[in-house]
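The block underneath contains the structure these notes are about, expressed in structure tokens.
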Amino acid sequence: MHDIRAIRENPAAFDAAMAKLGISDASSELLSVDEARRAAIQVAETMKAAGNAAAKEIGAAKAAGDDEAFNRLRAEVADTKKATAEQEQIAKDLDAKLRDLLMSLPNRPYDDVPEGTDENDNVELKRHGTPPTFDFQPKEHFEIKGVKGGMDFETAAKLSGSRFVLMSGAVARVHRALAQFMLDTHTEENGLTETIPPILVRDEAMYGTNQLPKFAEDSYQTREGMWLIPTSEVSLTNIVAGELINEDYLPRRYVAHTNCFRSEAGSAGRDTSGMLRQHQFEKVEMVSITHPTTSDVEHARMTACAEGILERLGLAYRTVVLCTGDMGFGARRTHDIEVWLPGQDTYREISSVSTCGDFQARRMNARFRGEDGKPQFVHTLNGSGLAVGRCLIAVLENGQTEDGGVNLPEALTPWLGGKTRITPEGTLA
RNA sequence: GGAGAGGUGGCCGAGUGGUCGAAGGCGCACGCCUGGAAAGUGUGUAGGCGGGAAACCGUCUCCAGGGUUCGAAUCCCUGUCUCUCCGCCA
């Protein structure tokens with residue numbers, strides 16, 4: 001959510017930033033509602049002040065035993081009471097309207113974010129590792145002989161429909177090992193706090209991290225009205241919702257391994273084969289709550305944490321900064337990390353690391369007490385570290401051998417009980 | 001599912017119709033004390049919104065929304081959340 005005062009002070013800067021997102025003249029309606037709202041507040045408060053003063057006089061008259069004055073003042077107050085209430089309602093409605101307008105606008109990109117319309121305008125920041133070469137035609141993950149038996153889409157469809165998978169045996173084990181490896185690395189080496197959060201949340205949490213009100217159709221809701229999280233960013237970021245915390249509590253760094261649920265409402269027909277895009281998937285998510293002055297450094301740090309996982313696994317990747325047209329609703333800057341998938345002969349997103357500035361903090365009302373003793377909004381960041389299912393795909397495709405087996409990354413060995421390979425028969429060896 | 005209790009400031013906790021934005025404690029800030037620290041001690045310390053260059057002023061807020069009343073943290077209604085006991089259950 002945006003700061004109406006900042007917009008009021010410099011509407012041109014705000015409009016220029018929003019124009020980069022293709023939203024023209026964003027400030028004019030905001031400012032006119034704001035002006036009406038402030039005028040209404042002024043009127044309402046003046047009326048209210050008069051009423052309060054009268055109430056005091058009435059009390060004094062009563063105490064003095066002056067019945068004549070008491071009754072006269074009572075009648076006066078009764079006359080203006082209704083008008084005051086109406087005026088207050090007007091002010092309240094305008095305030096709610098302004099809030100709704102502010103809530104529905106996306107965050108403004110930082111100045112260093114490249115302008116563009118879609119993913120083709122994203123700018124590469126970094127390329128790490130070399131895509132492996134094969135002396136045979138590398139397959140997609142679900143075509144690899146040793147993998148097929150442990151990655152069953154038909155049975156999953158019987159249970160749940162399309163975009164679900166039933167993993168078993170070696171594939172399931174490698175998937176689990178990956179998640180554990182990520183979690184252990186983040187907690188033991190990157191200093192993140194391991195967390196097991198609820199994955200079913202209330203409306204308020206979904207508002208806080210901007211899934212609501214605009215993107216309700218992307219998530220699943222229970223009969224009771226709770227939401228299955230589309231990412232544990234929701235649970236982790238909202239830890240500080242409504243809090244006024246001590247400055248020395250910052251930064252706060254969380255990591256969680258959870259299931260995530262997405263309806264994929266807008267992506268019919270995309271990535272329909274394999275387990276690249278599922279309704280249910282596992283993700284190791286990182287969230288940082290920081291002081292405003294350190295969020296940029298934190299953004300780089302978090303990106304490095306995610307990249308480090310791929311580096312240890314020996315996977316080639318590239319990191320891009322998303323252009324204005326490709327960014328999500330709440331982000332001020334987003335780094336996407338794309339891993340090399342030999343089966344698709346391309347880089348595919350495996351992590352997205354965003355800094356949101358105070359955008360979510362305003363929505364959540366998450367503050368800390370600053371140097372001057374005044375509350376300020378915290379900054380929030382989130383990033384995948386990494387998407388476990390997609391990481392599994394990368395490991396399988398990059399490690400595949402001509403016989404249909406898979407050589408697994410050395411870094412994973414401790415989490416696989418010393419095993420290093422999936423055989424063409426689908427067993428761990 | 002049944003029964004009950006309760007939501008007060010950054011935190012804990014008093015307060016059952018006015019003089020209450022709210023005692024007291026903790027925490028925090030500044031000072032005194034000290035060689036330095038701890039302890040002790042003094043003073044200060046809620047937030048939102050609106051106005052104002054500022055000082056400051058107004059207004060709202062004791063879970064939320066309604067109601068009673070001249071006046072509500074306090075009484076009534078509804079909602080919501082939390083906790084306890086019983087039942088069921090991983």
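The model shown is predicted, which means the values in this text are computed figures rather than measured ones. First the proteins, then the strands, lettered A, B, ... as listed; each starts at 1.
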(message) What's the gap between C89(B) and C63(B) when it is taken at their C1' atoms, as a whole Å value?
(response) 31 Å

(request) Determine the Euclidean distance between corresponding P atoms of A72(B) and C33(B); express it in Å to zero decimal places. (result) 49 Å

(message) Side chain of Gln42(A), heavy atoms from C-beta onward: which of C81(B), G47(B), G50(B) has the nearest atom to it?
(response) G50(B)

(request) Report the nucleotide, chosen from G58(B), G50(B), G47(B), that has the shortest atom-to-atom distance to any side-chain atom of Ala49(A). (result) G58(B)

(request) Identify which nucleotide among G66(B), G10(B), U59(B) has an atom closest to any side-chain atom of Leu244(A), counting heavy atoms from C-beta outward. (result) G10(B)

(message) Run the side-chain hydrogen bond (donor to acceptor under 3.5 Å, both in side chains) test on Thr290(A) and His379(A) for me, step by step, so that the C-alpha distance in whole Å, both residues' side-chain angles and the decisive distance to 0.1 Å come before the verdict.
(response) CA-CA 5 Å; Thr290(A) 76; His379(A) 279 198; 4.9 Å; no

Distances for protein N or O near nucleotides 24-30 of chain B N or O, under 3.5 Å:
none

(message) Restricting to side-chain contact (heavy atoms from CB on, under 4.5 Å), what partner residues turn up for Gln42(A), sequence neighbours left out?
(response) none

(message) I want to verify a distance call: between G50(B), G66(B), C81(B), whose nearest atom is closest to the Lys92(A) side chain?
(response) G66(B)

(message) For the CD atom on Glu35(A), are there more than 12 heavy atoms of other groups (residues, nucleotides or ligands in this structure) within a distance under 6.0 Å?
(response) no

(message) I'd like to know whether Lys283(A) forms a salt bridge (charged side-chain N to carboxylate O under 4.0 Å, His left out) with Glu285(A), so could you lay out the CA-CA distance, the side-chain angles of the two residues, the decisive distance to 0.1 Å, and finally the verdict.
(response) CA-CA 6 Å; Lys283(A) 187 153 61 75; Glu285(A) 180 79 358; 2.6 Å; yes

(request) Check the side chains of Ser27(A) and Asp15(A) for a donor-acceptor pair under 3.5 angstrom, ignoring hydrogens and angles. (result) yes

(message) Whole angstroms only, please: what is the CD-C1' distance between Gln87(A) and U59(B)?
(response) 13 Å

(request) Assess Arg362(A) against Phe359(A): is NZ or CZ under 6.0 Å from the centre of the six-membered ring, and within 45 degrees of the ring's axis? (result) no

(message) Quick check for you: among G66(B), G58(B), G47(B), whose closest atom lies nearest to any side-chain atom of Glu45(A)?
(response) G58(B)

(request) Sticking with atom P, work out how far G7(B) lies from G31(B), rounded to a whole angstrom. (result) 39 Å

Any protein N or O atoms within reach of nucleotides 43-45 of chain B? Criterion: under 3.5 Å, listing atom names and distances.
none

(message) At 4.0 Å (heavy atoms only), tell me whether Arg99(A) reaches a base, stays on the sugar-phosphate, or touches nothing.
(response) nothing

(message) Show every side chain to side chain donor-acceptor pair (under 3.5 Å) that has at least one partner inside residues 239-248 of chain A, sequence neighbours left out.
(response) none

(message) Can you tell me how the ring of Phe215(A) sits relative to the ring of Phe329(A), calling it parallel under 30°, perpendicular over 60° and tilted otherwise?
(response) perpendicular

(message) Quiz question: by atom type and distance under 3.5 Å, do the side chains of Thr222(A) and Glu224(A) form a donor-acceptor pair?
(response) yes

(request) Report yes if a side-chain nitrogen or oxygen of Lys48(A) is closer than 4.0 Å to either non-bridging phosphate oxygen (OP1 or OP2) of G58(B); otherwise report no. (result) no

(request) Answer yes or no: does a side-chain N or O of Arg38(A) lie under 4.0 Å from OP1 or OP2 of G52(B)? (result) no

(message) Can you check the distance between C28(B) and U34(B), where both ends of the measurement are the P atom (answer in whole Å)?
(response) 23 Å

(request) Quote, to the nearest angstrom, the P distance that separates G50(B) from U43(B). (result) 36 Å

(message) Distance check, C1' atoms only: A55(B) and A73(B), in whole angstrom units.
(response) 32 Å

(request) Name every residue in residues 3-13 of chain A that has at least one heavy atom under 4.0 Å from any atom of RNA chain B, in order of residue number, or write none if there are no such residues. (result) Arg5(A), Arg8(A)

(message) Donor-acceptor check, side chain of Asn107(A) to backbone of Cys356(A), threshold 3.5 angstrom: yes or no?
(response) yes

(request) Could you label the plane-to-plane angle of the His335(A) and His299(A) rings as parallel, tilted or perpendicular, counting under 30° as parallel and over 60° as perpendicular? (result) parallel

(request) Quick one: which residue pairs count as a side chain to side chain donor-acceptor pair (under 3.5 Å) with a foot in residues 151-161 of chain A, not counting sequence neighbours? (result) Asp152(A)-Thr155(A)

(message) Does the structure show a Watson-Crick or G-U wobble partner for C28(B), both distances under 3.5 Å? Name it, or say none.
(response) G44(B)

(message) Checking contacts here: which listed nucleotide (G47(B), G51(B), G58(B)) is nearest the side-chain heavy atoms of Pro375(A)?
(response) G47(B)

(message) More than 12 heavy atoms of other residues, nucleotides or ligands under 6.0 Å from CD of Glu189(A): yes or no?
(response) yes

(request) Would you tell me if any nitrogen or oxygen in the side chain of Arg37(A) comes within less than 4.0 Å of OP1 or OP2 on G50(B)? (result) yes

